[in-house]
Peer 1: 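Can you read through this structure? Questions will come right after.
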Amino acid sequence: MSGFIDFQNEIYLGGLGGVVPELPMTAAGLEARAAAELDPVAYAYVAGSASSERTAAANRSAFDRYRIVPRMLRGTTGPGARDLSVEVLGTRLAAPVLTAPIGVLGLVYDGGEVIAAEVTKELGIGTVLSTAASSTIEEVGAAADAWWYQLYWPNDDELARSFVTRAERAGAEAIVVTVDTPMLGWRPRDLELAHLPFLHGKGIANYLSDPVFLAKLSAPPQESAEAMRAAILTWAGLFGNHGLRPADLAHLREWTDLPIAVKGILHPDDARQMVDAGADAVVVSNHGGRQVDGSIAALDALPAVVATVGDRADVLFDSGVRTGSDLLIALALGAKAVLYGRPWAYGLGIAGRDGMRHALRLLLADFDSALGLSGCAGPADLNRSLIATVR
Ligand code: FNR
């Protein structure tokens, strides 16, 4: 039974007492506030995409080519009429949403990953912890309920295995291997500020807390500035794995019993290869347009991937979701769940825990409303018959 729409009543009832929301009611509003209020370095890091940023723009405009064709008088609008819950990769979620792995949240707000874990737990949705986090796997595992671990597969299998083992021990329910970032995209906003957080020792908490990583250092990083510099250089040499191939997923399969998702897939043949190699799911994503500028909008890549592997793997989606109707459209095109990205990071940056909760509640209430008003009682009612394409 869904209560996400209750956010609407809460706000209107507040209005009776003269209370209006302190935070914007749209993702676009959150972004504008973040642009005005966040430290410029943090804002550039979150908002920036690759090169001309036209793929980031295409991620949004792709949604404009789809329209919902709502169905009427189906009894889906009353109290208790809807159930938004789903099970994805064995994880039960109150709505088909997990927060996308966003690295270096400490840049945006201190303890961001743990707050993300706590807030998603409170709302009953999932969170995906980035390898490039400011908090450790164990800290997030202790705070989260439904969470998955996103692996940036390092250039050292022993270290990769250690990350995966730590995540499984800490209670992660799936491993998400991101394959679109063996090196960083060309990101002008960060380049203009000459800012790469990792070189400042930010976003490498999982390395600095890892026994395999620490064994590679001649001195503990906390010992001196020089030792920290050496640790950062060691990180730089290990981050990208340029030799990784689909067949390597077999190693991951040996290291863990958890379901495996491969994130960053746009080509249907890649989706097929990953599933053939043992992936249980693929995440159709272009990393929010941060990697290959000019690449296909993620939503435009979704239908072919669903047609190719949808019968034997779960297909998830991210890149460009900003409203409940976006979420509805992605699900109607065959996604089982979406990873929600930048808007909650803006909320977190503007107002910490409350801002993050607000950003997520906006999406969930909007989705709950769109679903009910379209004549759907839950995600299982969504399919292509509910959407039209427009030019
Ligand atoms: C990301 N993303 C990302 N993905 C990943 O697998 N590991 C990571 O560490 C990060 N880090 C990261 C940082 C920032 C600041 C952003 C904006 C994104 C990509 C993320 O998981 C997701 O694919 C995108 O955020 C989706 O695009 P939108 O919807 O946020 O525009």
Side-chain angles (χ1 to χ4, degrees), residues 27-28 30-31 34 38 41-50 53-63 97-109 112-113 116 126-135 137 140 148-154 163 174-182 184-185 187 189-190 195-198 202-207 239-240 261-266 282-292 295 297-299 301-302 316-323 326-327 330 335 337-349 359-360 363:
L30 288 170
E31 171 158 14
L38 261 56
V41 156
Y43 179 71
Y45 180 65
V46 178
S49 290
E53 304 195 339
R54 72 191 150 110
T55 289
N59 283 340
R60 293 293 308 127
S61 55
F63 280 98
V97 179
L98 302 98
T99 57
I102 290 193
V104 208
L105 278 177
L107 198 63
V108 175
Y109 198 86
E113 290 89 357
T127 186
V128 186
L129 172 68
S130 166
T131 291
S134 310
S135 312
I137 292 170
V140 168
W148 299 348
Y149 177 68
Q150 178 264 321
L151 179 69
Y152 276 138
W153 197 312
F163 284 157
I175 303 294
V176 180
V177 188
T178 297
V179 293
D180 59 12
T181 313
L184 287 183
R187 299 180 188 165
R189 295 200 211 200
D190 291 334
H195 178 251
L196 182 63
F198 312 107
K202 293 179 180 154
I204 59 172
N206 282 316
Y207 298 81
F239 177 76
V262 178
K263 173 173 180 282
I265 296 300
L266 296 168
V282 294
V283 184
V284 173
S285 164
N286 57 29
H287 214 107
R290 291 161 74 83
Q291 289 299 93
V292 182
S295 67
L299 193 73
L302 179 61
L316 288 88
F317 175 81
D318 76 38
S319 297
V321 173
R322 296 293 180 269
T323 69
D326 294 346
L327 176 42
V338 305
L339 309 187
Y340 192 44
R342 287 172 168 116
W344 63 261
Y346 294 134
L348 182 70
L360 291 173
L363 177 79

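None of the values given here were measured: they were computed from a predicted structure. Just so you know, these numbers use all the heavy atoms, side chains as well, and skip hydrogens, waters and symmetry mates. First listed ligand is number 1; within each ligand, the first listed atom is number 1.
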Peer 1: Considering only non-hydrogen protein atoms, determine which one is nearest to atom 24 (C) of ligand 1 and report residue, atom name and distance to 0.1 Å.
Peer 2: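 Sorting protein heavy atoms by distance from atom 24 (C) of ligand 1 puts Gly288 N, 3.8 Å first.
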Peer 1: Should Arg322 and Glu31 count as an ion pair when the cut-off is N to O under 4.0 Å?
Peer 2: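 The answer is no: the pair does not qualify as a salt bridge.
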Peer 1: Which residue and atom name correspond to the protein heavy atom nearest atom 25 (O) of ligand 1, and how close is it?
Peer 2: Gly341 CA, 3.9 Å
Peer 1: Give the atoms of ligand 1, by number and element, whose distance to some non-hydrogen atom of Gln150 is under 4.0 Å.
Peer 2: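 Listed by number with element: 5 (C), 6 (O), 7 (N), 8 (C), 9 (O).
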Peer 1: Would you mind checking which non-hydrogen protein atom is closest to atom 22 (C) of ligand 1, with the distance to 0.1 Å?
Peer 2: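 Protein heavy atom with the smallest distance to atom 22 (C) of ligand 1: Asp318 OD2, 3.5 Å.
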Peer 1: Would you mind checking which non-hydrogen protein atom is closest to atom 19 (C) of ligand 1, with the distance to 0.1 Å?
Peer 2: His287 CD2, 3.4 Å
Peer 1: Does any N or O of ligand 1 fall below 3.5 Å from an N or O anywhere on Gly103, backbone included?
Peer 2: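 Between Gly103 and ligand 1, an N or O pair is found under 3.5 Å apart.
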Peer 1: As an exercise, identify every atom of ligand 1 less than 4.0 angstrom from a heavy atom of Ser285.
Peer 2: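 Atoms satisfying the 4.0 Å criterion: 23 (O).
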Peer 1: Could you list which atoms of ligand 1 come closer than 4.0 Å to a heavy atom of Thr178?
Peer 2: 5 (C), 6 (O)
Peer 1: Give the residue and atom name of whichever protein heavy atom lies nearest to atom 30 (O) of ligand 1, and the separation in Å to one decimal.
Peer 2: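 The closest one turns out to be Arg342 N, 2.9 Å.
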Peer 1: When only distance counts, is Gly320 in polar contact with ligand 1, meaning an N/O pair under 3.5 Å?
Peer 2: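 Yes, there is a polar N/O contact under 3.5 Å.
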Peer 1: Counting non-hydrogen protein atoms only, what is the nearest one to atom 4 (N) of ligand 1? Give residue, atom name and distance.
Peer 2: Lys263 NZ, 3.0 Å
Peer 1: Has the side chain of Gln291 got a donor or acceptor atom that lies under 3.5 Å from a matching backbone atom of Asp180?
Peer 2: yes
Peer 1: Can you tell me how the ring of Phe239 sits relative to the ring of Phe198, calling it parallel under 30°, perpendicular over 60° and tilted otherwise?
Peer 2: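 Aromatic pair Phe239/Phe198 classed parallel.
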Peer 1: Measure the distance from atom 9 (O) of ligand 1 to every protein heavy atom, then report the residue, atom name and distance (to 0.1 Å) of the closest one.
Peer 2: Ser130 OG, 2.6 Å
Peer 1: Please confirm whether Arg290 comes within less than 3.5 Å of ligand 1 when only nitrogen or oxygen atoms on both sides are compared.
Peer 2: no
Peer 1: Which atoms of ligand 1 have any heavy atom of Arg322 under 4.0 Å away?
Peer 2: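 Within the 4.0 Å cut-off of Arg322, ligand 1 contributes 28 (P), 29 (O), 30 (O), 31 (O).
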Peer 1: Kindly confirm or rule out an N or O of Pro101 lying under 3.5 angstrom from an N or O of ligand 1.
Peer 2: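 Checking ligand 1 against Pro101, an N or O pair does fall under 3.5 Å apart.
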Peer 1: Between Tyr207 and Phe163, what is the ring plane arrangement, given parallel below 30°, perpendicular above 60°, and tilted in between?
Peer 2: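 Aromatic pair Tyr207/Phe163 classed perpendicular.
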Peer 1: Report yes if Tyr45 has an N/O atom closer than 3.5 Å to an N/O atom of ligand 1; otherwise report no.
Peer 2: no
Peer 1: Return the residue, atom name and 0.1 Å-rounded distance of the protein heavy atom closest to atom 8 (C) of ligand 1.
Peer 2: Tyr152 OH, 3.1 Å
